[in-house]
Each structure stands twice: as C-alpha cells, then as structure tokens.
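Data first, discussion second: the structure below is written as structure tokens.
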Amino acid sequence: MVSALSMAISSSQLEIHRADSARVDGIVSGGHETFRDLVVEYHPLAFSLAYRSLGDPQDAEEVVQDAFVKIHGALDGFRGDASLKTWILRIVWRLSLNRRRDRARSSWRRLGLHQSAEDADVRVAGPVAESPEARLLSREAKQLIRELVDGLPPTLREVLILNSFEELGYEEIARILGIPVGTVSSRIHAARRKLARRLQKSGPNERIWRSENV
Amino acid sequence: MFDMWSPRRRRQQRELSAFADGELSDATTDRVAERVVFDERVRRELTSVRRMDALVAAALTPPLPADAKVRAGAAADAVIDIICARLPAPVQTTPGPRNWTPTVVASVGLLVTAGVAFAGLKRRGWV
C-alpha cells in the first residue's frame, strides 16, 4: 500500500519534471518571450522568498532580478533532477544568503545607519494588501518576531523561513537546502522550540497582537 | 511519570511538529490525531505550534502589492533588458572574397580554363 502510494507520488513527480524539462527546452529554443512568461509566473514566489530572508523589499527585488538573469544563463544546465520551481527557488535562496552576508559586512548596517523597518514598508510601491494574521500584528510585534527569527542559528532560521511558505513541503525544502528530509523535520521542530522559548522570554504573547483585536 | 526530556517524549513532539505541517505518513497521522483528540496537553501543544507558525508567517510575509501582476511584468521586462544588453554584438556574416573556400576557387579556375580552351579550339575551327 505504502509502496504503491510512494510509486504514484514519484511517478507524478517524474511527470512534473518531464514537463519542466520540455518547458525549459522550449525556452532555450524559443527566445525571450517564453522566458518572460517564466519570470512573470515565478516572480511573486521568488520575491516572497528573498523578502523573507532579507526583510527589505529593495534588496529582495535586486536579488530576484540577479537570480533570473543567472537562471537564463543556466537554463541549458537544467537536468530536471528537481522541479523547475525548486531549482529556481534554490538559486534565489543562495543569492539571498550571499546578499545577507554582504549586508552584514557593510559598516553602514553594522552601525545601524541603514533604513528603518518603517522606511522599508514605505518603499513597497503601490497599494498593498496584508493577510488577516499580518493585520492583527502590530509593527513592533512584527519587528520583534523578525529579530527573534534572525537571531536563530542559520541552520534553524533557514528551515523556518522556507517552512513559512505553504507551497513548500519538507521534500522541496530538503532539495533546496541539499539536506535529508529527516533533517528538515527535526530542524523545524528545534527551530519552533527555540523560537517559542525566546518569545516567552521577551514577554507575554498577548502583547504581540494588537490590543483592539485581542 | 512522563519525563519531558525522554526520547519517547521528544519523538512525540517531533511528530506533532510534522503533523502540524501535514508531513506524516497516513499511519502516523492517524496515531498523532488520536493523541490530539484524547490528550488535552497535546492539543495545547498543537495550538501553540500553529499559533507560532501564524506569527512567523505574518511577520515574514511581504505586503502584497495590489498590482502584483503588473510588477512581475515590469520585473520580467527589466530582466530581459539586462539579458539583451549582455548579448554579444552580431558578427558580420557577409562573405567576402577571402571567405571563399578552396573548392569554390578550384571550381571557378576549372571553368575559366575550360572556357579559354574552348574559345581557342573554336577560333582554330576545330570545334
């Protein structure tokens, strides 16, 4: 029963990878218009991943742009081992980590002279819509949780960020990070425990939510 | 009676974490679901895991611009512009005399020689 299920899953994954490979072949031989369609399709997901890692819309936008330029140059090398989505997100994730490292080295950042979270929010152009949960969180609470997540060890922080995507399962996270699925599971558990402990230390959870909505 | 740090307890907590993400096999899901239904403490733990996830997602998720599709299109155009700017300039492909292959040169030479020989023969009235 279990083996039949896993065979069905792996055959459906194989179908996805085959479709992705065909699509990549089409892009390689097709020209810029087909590649543009790919960028439009995956841009929101790529931007969301970069933003979660960097917490800055402008940095995220630049990283995503770099990533798609790199992806265009590397399409010939796409072998279909993973899905196109996983492959793209892996490249975006690596570039986001590089940008984080570069940013940490910057003395401006170290001195705290970079823009504040308020500035970052303002720089997202156009009218914005937030999820109900996000609306319930005060700006200070968001900042606090972001800082607590940023303060986690890198191996725990990365799985927590990737797991915050509903679209990504453990297996895809494992492929993006190049670690076993079991490790993803145990790291997510450890990250949750650590974050819960740090959140408890920072004060009562009720203060996290806006008083008028509690 | 039930040690918080026992291997069994730790395994159960790991399972509950994976259960919250819907990442367990059917058999383990049934087992954990049963614990959630009948054990008040497990239920509380699951609630706190879900609440933690909601907090993290709310704090990390970027504000969605209302014109997300337009922004994606603009970003795609910018990427295409960069790619086009990086393409090497087109190489001139008009073949000059130097690009003639030896075969073409030999063929032309043979034709000229045959033409001259034919004209000479015709002048002498041999053809």
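Quick note on labels: first sequence line is chain A, next is B, and so on, each numbered from 1.
- By the neighbour-count criterion of 12 heavy atoms within 6.0 Å, atom CD of B:Glu40 is densely surrounded, having more than that number from other residues, nucleotides or ligands.
- Side-chain contact between B:Val79 and A:Phe35 is present, with at least one heavy-atom pair separated by less than 4.5 Å.
- Here the shortest heavy-atom pairing between A:Phe47 and B:Pro62 reads CE2-CB, 4.0 Å.
- In plain terms, the two heavy atoms of B:Gly73 and A:Val40 that are nearest each other are CA-CG2, 3.9 Å.
- Here the straight-line distance linking atom CG of A:Leu168 with atom CG of B:Asp21 works out to 11.5 Å at 0.5 Å rounding.
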Mind running side chain to side chain contact (heavy atoms under 4.5 Å, CB included) on A:His72 and B:Ile82 for me, showing each step along the way?
-> CA-CA 11 Å; A:His72 183 266; B:Ile82 294 171; over 6 Å; no
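- At a 4.5 Å heavy-atom cutoff, A:Glu41 makes no contact with chain B through either its backbone or its side chain.
- Note that the CZ atom of A:Arg187 and the CZ atom of B:Arg14 stand 13.5 Å from one another [nearest 0.5 Å].
- Between A:His32 and B:Ile83, some side-chain heavy-atom pair lies under the 4.5 Å cut-off.
- For the pair A:Arg192 (side chain) and B:Met52 (backbone), a donor-acceptor distance under 3.5 Å is absent.
- Rounded to the nearest 0.5 Å, atoms OG (B:Ser17) and CG (A:Asn163) are 7.5 Å apart.
- Here the CG-CG distance, from B:Leu55 to A:Leu195, works out to 8.5 Å after rounding to the nearest 0.5 Å.
- Going from atom NE2 of A:His189 over to atom CZ of B:Arg10 covers 8.5 Å, rounded to the nearest 0.5 Å.
- Contact record, B:Glu23 with A:Gly169: OE2-CA, 3.2 Å, taken as the closest heavy-atom pair.
- Taking CZ of A:Arg146 as the start and CG of B:Leu60 as the end, the distance is 5.5 Å to the nearest 0.5 Å.
- Proximity to chain A involves both the backbone and the side chain of B:Ala18, based on heavy atoms less than 4.5 angstrom apart.
- Taking all atoms of both residues into account, the shortest heavy-atom contact from B:Ala58 to A:Lys142 is O-CE, 4.0 Å.
- Around the CD atom of A:Glu147, the shell of radius 6.0 Å holds more than 12 heavy atoms that belong to other residues, nucleotides or ligands.
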Under 3.5 Å donor-acceptor pairs involving side-chain atoms of residues 115-127 of chain B, not counting sequence neighbours:
none

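- Identified under the side chain to side chain donor-acceptor pair (under 3.5 Å) test for residues 107-119 of chain B, with sequence neighbours left out: none.
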